[in-house]
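One structure is given below, encoded as structure tokens.
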Amino acid sequence: MSIRTRFAPSPTGSMHIGSLRTAAYAYALAKHSGGQFLLRIEDTDQKREVKGATQKIYDVLQKFDLGWDEKPVVQSQRLKIYQDAAQRLIQSGHAVSDQGAIRLKIPPRETISFHDFVLDHDVSWKSDDIPPAVLLKSDGFPTYHLAMPVDDHDMGITHVIRTVEWLPSTPIHILVFKYLNYELPQIGHPSAILDPAGGKLSKRKGNVSVEQFLARGYLPEALLNFVILLGWAPKDNRELFTLEQFVSTFDIKGFQKSNPIFNTQKLDWFNGHYIRQKSDTELTHLVKPYVKNKLSSTQITQVIPLIKDRLIKLSDFDQLTQFFVSRPAIPPNASVSPTHLKFAIVNIDAILNNEIVDKIKSQGWKVGDFFMSLRIAVCGSKFTPPITETMLVLGKEESLKRLNSAIGKLKID
RNA sequence: GGCCCCGUCGUCUAGUGGUCCAGGACAUCUGGUUCUCAUCCAGAAAAUCGAGGGUUCAAAUCCCUCCGGGGUCACCA
């Protein structure tokens with residue numbers, strides 16, 4: 001029998017980075033063995049539902065190539081099914097009406113346990129510790145505790161992957177599966193991502209939405225690679241994974257049981273790495289939505305090779321190329337030699353043709369010193385891409401203007 | 001507080017009784033390449049394996065207690 005997993009988000013806003021990770025795990029578990037990865041929209045709380053959120057879920061999954069099989073199941077379209085299930089539970093004596101809602105009846109003095117395939121051991125509870133959870137709300141909508149067993153059964157889910165915060169309510173679900181005469185699927189609880197400040201990573205504490213990371217210039221492949229390694233690792237210490245590679249090496253034995261802290265330093269490294277993997281053409285295309293300064297399309301194309309090794313996020317583009325659009329101010333106390341600049345003006349063609357080094361040396365100057373003078377005069381910064389190449393992109397005319405302007409300013413000072 | 005989960009370098013982790021005085025990656029530091037920065041390459045520092053007891057010839061690996069972290073106790077998921 002093939003493995004069937006599902007990703008079951010609630011459409012309550014933009015997708016959480018942790019949800020992306022859970023989706024990737026569920027996807028990999030299914031696809032590793034050629035199974036199916038299904039999608040379910042858990043929209044049973046009318047108050048929390050956000051319009052457009054469902055579409056966002058589809059968009060994000062597609063952006064990360066986490067394609068799902070079959071038609072997504074939408075819980076709000078299955079109300080009758082849940083209501084019938086609740087009635088059956090009442091009839092079999094396992095649920096009771098309570099002020100318009102229907103609650104699960106908890107059997108006394110029983111031990112409820114299951115084998116968690118992520119934790120890799122049994123977890124058990126005394127039934128007396130379990131609360132009589134509401135299964136069907138008075139508005140006729142099911143709670144998660146009813147909808148999850150019913151849907152996972154109907155969808156033929158074989159393996160449920162959800163983060164540890166669900167572990168405490170698992171005995172409720174086990175009971176519902178049992179009383180509905182449904183076979184219990186395999187259930188596994190990967191760790192929950194923790195906030196660096198403590199507690200679980202939440203929207204209130206910072207940037208946790210996938211959209212925001214994308215908007216800040218992180219590549220999907222970098223985000224995915226980063227996130228799958230928060231709580232999962234292969235036995236051979238590999239770090240770089242495409243989705244396909246992740247799927248093929250995925251193994252439930254790779255789950256780490258402790259909760260990882262969401263430290264994004266490594267994400268930056270992944271992002272820089274994947275940016276450098278791109279061709280100049282691809283990168284030019286990718287960076288365009290982030291270009292807010294006034295560089296023309298041609299200029300962007302010319303500049304990309306110069307800044308490729310310096311980009312950490314796509315959104316760094318403007319900052320790294322600022323001196324292309326605005327004439328820089330010469331920083332005070334900058335060590336710029338007017339003699340260097342005059343020499344550069346006279347020899348501008350040699351500079352642009354990359355034939356200047358010997359001439360610098362024959363002047364008895366250090367090559368580095370000379371270029372630093374140019375760098376500061378032309379870009380107003382001590383840190384830039386190679387200055388000759390930068391001037392080439394700037395053009396002869398603009399380069400001369402800046403050199404002359406710098407000389408003028410230096411004289412005034 | 002009750003119940004439940006977890007505890008290896010700052011961070012993500014490898015490790016399932018001996019080959020571990022614990023390996024990799026990020027971050028950090030140093031050196032090399034380079035016209036600066038960055039990239040790239042090389043190297044260093046960094047974990048008494050949460051603590052204390054056991055079991056064993058032998059424990060990061062098994063057991064117990066404690067401590068610490070996290071989750072959950074909604075007609076939210």
Side-chain angles (χ1 to χ4, degrees), chain A residues 8-12 19 42-49 75 98-103 116 118-121 123-126 128-131 133-148 162-172 189 191-196 198-200 226-240 253-254 256-270 272-273 275-276 306-312 320 356-357 360 366-376 379 381-390:
Chain A
S10 316
T12 54
S19 300
E42 310 218 317
D43 58 345
T44 56
D45 187 349
Q46 310 136 288
K47 297 177 289 289
R48 292 206 311 153
E49 185 166 358
Q75 293 185 327
D98 175 22
Q99 294 179 276
I102 295 176
R103 284 181 188 276
D116 190 300
V118 169
L119 261 20
D120 196 30
H121 61 73
V123 182
S124 60
W125 295 262
K126 296 266 166 290
D128 305 277
D129 289 329
I130 300 165
V134 167
L135 301 178
L136 196 73
K137 299 182 258 186
S138 55
D139 63 3
F141 280 70
T143 63
Y144 178 87
H145 305 310
L146 208 219
M148 176 260 168
R162 36 139 74 157
T163 46
V164 270
E165 54 255 44
W166 288 108
L167 190 50
S169 55
T170 302
I172 296 170
H189 296 93
S191 57
I193 302 174
L194 260 32
D195 191 282
K200 67 175 175 179
F226 172 64
V227 108
I228 59 170
L229 256 24
L230 279 180
W232 181 89
K235 298 308 174 197
D236 62 2
N237 281 328
R238 260 177 73 200
E239 306 265 1
L240 266 5
K253 293 221 176 353
Q256 178 80 10
K257 297 170 189 176
S258 56
N259 296 336
I261 295 170
F262 193 65
N263 180 330
T264 55
Q265 279 180 322
K266 202 161 187 171
L267 171 60
D268 285 345
W269 176 74
F270 276 123
H273 172 80
I275 282 177
R276 275 167 242 125
L306 302 190
I307 62 162
K308 193 173 181 178
D309 286 347
R310 280 153 258 258
L311 277 176
I312 293 174
L320 287 172
I356 192 66
V357 173
I360 299 168
K366 283 186 180 174
V367 175
D369 291 347
F370 176 79
F371 282 129
M372 186 52 83
S373 286
L374 293 202
R375 188 183 320 283
I376 294 169
C379 297
S381 168
K382 289 159 79 176
F383 315 110
T384 75
I387 191 63
T388 49
E389 295 169 50
T390 303

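Quick note on labels: first sequence line is chain A, next is B, and so on, each numbered from 1. This is a predicted model, so every value here is computed, not measured.
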Touch class at under 4.0 angstrom, heavy-atom based, for A:Ser138 against every strand present: base

From NE2 (A:His189) to OG1 (A:Thr170), nearest 0.5 Å: 3.5 Å

Sugar-phosphate, base or nothing in reach of A:Glu239, heavy atoms under 4.0 Å: base

Sugar-phosphate only, base, or nothing, as touched by A:His273 at under 4.0 Å among non-hydrogen atoms: nothing

Same-atom distance (P) from B:A59 to B:G69, integer angstrom: 30 Å

Separation between the P atoms of B:G68 and B:G32, rounded to whole Å: 49 Å

Interatomic distance where CG belongs to A:Leu229 and C1' belongs to B:G24 [whole Å]: 11 Å

Sugar-phosphate only, base, or nothing, as touched by A:Thr388 at under 4.0 Å among non-hydrogen atoms: base

Residue matched to B:G43 through Watson-Crick or wobble contacts both under 3.5 angstrom: B:C29

Sugar-phosphate, base or nothing in reach of A:Lys47, heavy atoms under 4.0 Å: sugar-phosphate

Touch class at under 4.0 angstrom, heavy-atom based, for A:Ala233 against every strand present: sugar-phosphate

Integer angstrom distance from the C1' of B:G10 to that of B:A38: 24 Å

Sugar-phosphate only, base, or nothing, as touched by A:Pro142 at under 4.0 Å among non-hydrogen atoms: sugar-phosphate

Sugar-phosphate, base or nothing in reach of A:Pro385, heavy atoms under 4.0 Å: base

Sugar-phosphate, base or nothing in reach of A:Ile387, heavy atoms under 4.0 Å: base

Sugar-phosphate, base or nothing in reach of A:Arg238, heavy atoms under 4.0 Å: nothing

Sugar-phosphate only, base, or nothing, as touched by A:Gly272 at under 4.0 Å among non-hydrogen atoms: nothing

C1' gap between B:U8 and B:A47, integer Å: 6 Å

Rounded C1' spacing from B:C5 to B:C9 in Å: 24 Å

Strand partner of B:C21, provided both Watson-Crick or wobble distances fall under 3.5 Å: none

Touch class at under 4.0 angstrom, heavy-atom based, for A:Pro131 against every strand present: nothing

Closest nucleotide among B:U11, B:U8, B:C5 to the A:Asn263 side chain: B:U11

Quiz item: A:Arg375 side-chain donor-acceptor pair to B:C35 base, under 3.5 Å: yes

Assigned partner base of B:C3, Watson-Crick or wobble definition, under 3.5 Å: B:G71

Polar side-chain contact A:Ser169-B:C73 base: donor and acceptor under 3.5 Å: no

Base partner of B:U56, which must satisfy Watson-Crick or wobble distances under 3.5 Å: none

CD (A:Gln46) with more than 12 external heavy atoms under 6.0 Å: yes

Position toward the 5' end of RNA chain B (nearest nucleotide), A:Glu42 or A:Thr384: A:Thr384

Paired nucleotide for B:C76 [Watson-Crick or G-U wobble; both distances under 3.5 Å]: none

Protein-nucleotide distance (A:Lys266, atom NZ; B:A25, atom C1'), rounded to Å: 4 Å

Base-pairing assignment for B:C66 (Watson-Crick or G-U wobble, both under 3.5 Å): B:G50

Polar side-chain contact A:Asn237-B:G23 base: donor and acceptor under 3.5 Å: yes

B:G50 to B:A60 separation - C1' atoms, rounded to the nearest Å: 12 Å

Touch class at under 4.0 angstrom, heavy-atom based, for A:Lys235 against every strand present: sugar-phosphate

Distance, rounded to the nearest Å, where A:Leu311 contributes CG and B:C40 contributes C1': 17 Å

Nearest-nucleotide 5' precedence on RNA chain B, A:Val367 against A:Ser10: A:Val367

No-hydrogen, no-angle side-chain donor-acceptor test under 3.5 Å, A:Thr12 and A:Arg48: no

